[in-house]
Amino acid sequence: FWIWPAGGGGVSVVDHLGVEDYLRGVVPLELNAFQPAEREALAAQAVAARSYAFSRLAEWLPRADAQARASLPYDLRATVQDQVYGGVDAEHPASDRAVRETRGLVLRWEGNVVSAPYHSACGGSTAAARELWGRGGGEADRPYLRGVSDRIPGSDRAWCDAAPRANWTRDWTQDELRDVLARYLRRYAARGESQDGGGAVGAVRAVQLLDRSGAGRVSRLAVTTDAGRFVLRGNDIRFAVRTVGGEILPSTYFAVEAVGGGDGRLARLTLRGHGNGHGVGMCQWGAIGRARAGQDFRTILQAYFPGTAVEPAE
């Protein structure tokens, strides 16, 4: 372990270990799929997690990015901000085998290791990175992070239909919606698209779906309140329109049901949606469904990251 001074008089504790040992504490927490029929899904997760880890190491980063990160005493955080890492307590024989059997393998595109994002369940179609994270260049514009259908050929079902949040509903009363948006709306409103009159956010007068992406996800959502009109874009929608308890929306793949109260204000808002997570890259429950159907880890990864190749990292 490395111990570094941190702000506020505390310390940062950094676990220093090799990538393969690191993955043994990541894979079982990122994908709980330990049945024999799910073996290839775990292998796909191991390759995706290894690719993500390598893509964050200084020697694999563009020079400017490596220099910007040089002051940090770590490469990866042990939470959902990067990948969840639980150390030796998290290790499991099934995921250990997946890490061992894919040792050193990563996803590459045009020779470069890709970050290989993943999420719990796509709800029938994955999302293009640019739909959720904008057109800022870099990973967001890579062709292997485009939206792909997760429908099972010859059926109206998706590979991820067994996911606990394949379908979901969230409801707010007038007061609940006002209180939630008072906390989060301004923080995530799109600059240049919102008209904020200042003052308290106040009551919500309308919630309007403006645009959907090619994958059917909500790409722009307008919320009109006493303070003005606010436009939310992409994944920011999930963080602005939270539950009463502060939980973010499972996904941006939803329909809007707004009920007026007769006084120009919303009396109730209901969102009915599909899937769980940002939707970009590998659908983890889709990987489980594909593995149960007999697909190997290379086929699974090719489905979610089209155009990439599974190759050794070094």
Side-chain angles (χ1 to χ4, degrees), residues 23-53 80 82-86 90-103 105-107 114-129 132 144-168 215-217 249-253 273-306 308 310:
L23 291 173
R24 293 177 63 190
V26 168
V27 174
L29 295 183
E30 290 289 1
L31 185 62
N32 188 336
F34 303 140
Q35 300 304 311
E38 300 163 351
R39 181 172 177 172
E40 296 299 311
L42 268 183
Q45 178 65 60
V47 175
R50 185 181 292 108
S51 299
Y52 185 94
V80 293
D82 280 311
Q83 298 184 125
V84 179
Y85 170 70
E91 293 173 8
H92 188 280
S95 50
D96 280 355
R97 182 175 58 242
V99 172
R100 183 173 61 251
E101 292 179 348
T102 64
R103 183 178 181 86
L105 295 179
V106 295
L107 278 174
V114 308
S115 68
Y118 47 86
H119 58 279
S120 179
C122 68
S125 178
T126 68
L132 273 291
Y144 55 81
L145 293 182
R146 65 177 184 266
V148 299
S149 174
D150 205 42
R151 296 291 174 185
I152 300 174
S155 77
D156 59 355
R157 296 180 297 113
W159 291 110
C160 63
D161 276 355
R165 288 187 176 180
N167 301 289
W168 51 268
R217 297 170 186 272
L249 288 182
S251 75
T252 57
Y253 197 177
H274 312 284
N276 186 21
H278 53 66
V280 179
M282 187 177 76
C283 172
Q284 292 173 307
W285 273 96
I288 291 173
R290 290 171 183 272
R292 290 172 178 173
Q295 295 184 24
D296 64 21
F297 76 92
R298 294 176 184 269
T299 302
I300 293 170
L301 291 168
Q302 285 292 322
Y304 294 117
F305 302 99
T308 61
V310 178

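Throughout, residue positions are numbered sequentially from 1 according to the sequence presented. Worth knowing before you read on, the calculation uses all heavy atoms, side chains too, and leaves out hydrogens, waters and symmetry mates. These figures come from a predicted structure and were not determined experimentally.
Considering all non-hydrogen atoms of both residues, R217 and G279 come closest at NH2-CA, 3.8 Å. What you find for A163 and A121 is that their closest heavy atoms are CB-CB, 3.6 Å. When all heavy atoms of P28 and A90 are compared, the pair lying nearest together is CG-O, 3.2 Å. Here the shortest heavy-atom pairing between C160 and G286 reads CB-N, 3.5 Å. Heavy-atom minimum distance, V27 versus A46: CG2-CA, 3.8 Å.
Annotation: side-chain contact (heavy atoms from CB on, under 4.5 Å) contacts of A94 (sequence neighbours excluded): F34, L42, H92, R97. Not counting sequence neighbours, the partners of Y253 by the ring-ring contact (aromatic ring centres under 6.0 Å, His included) test are H274. Residues passing the side-chain contact (heavy atoms from CB on, under 4.5 Å) test with T299, sequence neighbours excluded: Q295, D296. Scanning for side-chain contact (heavy atoms from CB on, under 4.5 Å) contacts around A291 gives E40, A41, I300, with sequence neighbours left out. Shown here are the side-chain contact (heavy atoms from CB on, under 4.5 Å) partners of Q302, two or more places apart in sequence or in another chain: T308.
Taken from OG1 in T126 to CZ in F305, the straight-line distance is 9.0 Å, to the nearest 0.5 Å. Taking CH2 of W168 as the start and CG of L249 as the end, the distance is 5.0 Å to the nearest 0.5 Å. A distance of 11.5 Å separates SG of C122 from CE of M282, quoted to the nearest 0.5 Å.
One N or O on the side chain of Q284 and one on the backbone of E30 form a donor-acceptor pair closer than 3.5 Å. In this structure a side-chain-to-backbone donor-acceptor pair under 3.5 Å is missing from H278 to S251. Between the side chain of T102 and the backbone N or O of A98 there is at least one donor-acceptor pair closer than 3.5 Å. A distance-only check finds no donor-acceptor pair linking the side chain of R24 to the backbone of R100 [under 3.5 Å].
Residues in residues 154-165 take part in these side-chain hydrogen bond (donor to acceptor under 3.5 Å, both in side chains) pairs, two or more places apart or across chains: R165-E247.
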For this session: Test L105 against R298 for side-chain contact (heavy atoms from CB on, under 4.5 Å), laying out the working first.
Result: CA-CA 11 Å; L105 295 179; R298 294 176 184 269; 4.0 Å; yes

For this session: I would like to know whether L31 and I288 meet side-chain contact (heavy atoms from CB on, under 4.5 Å); could you show each step before the answer?
Result: CA-CA 9 Å; L31 185 62; I288 291 173; 3.9 Å; yes

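Counting heavy atoms from C-beta outward, L29 and Q83 have side chains that stay 4.5 Å or more apart. Under the 4.5 Å side-chain criterion, counting only non-hydrogen atoms from C-beta, Y144 is not in contact with L107. Residues F297 and V310 are in side-chain contact: their nearest non-hydrogen atoms beyond the backbone lie under 4.5 Å apart. Using a 4.5 Å heavy-atom threshold, the side chains of P117 and Y52 count as separate.
For R103, the CZ atom is loosely surrounded, since the number of other residues' heavy atoms within 6.0 Å does not exceed 12.
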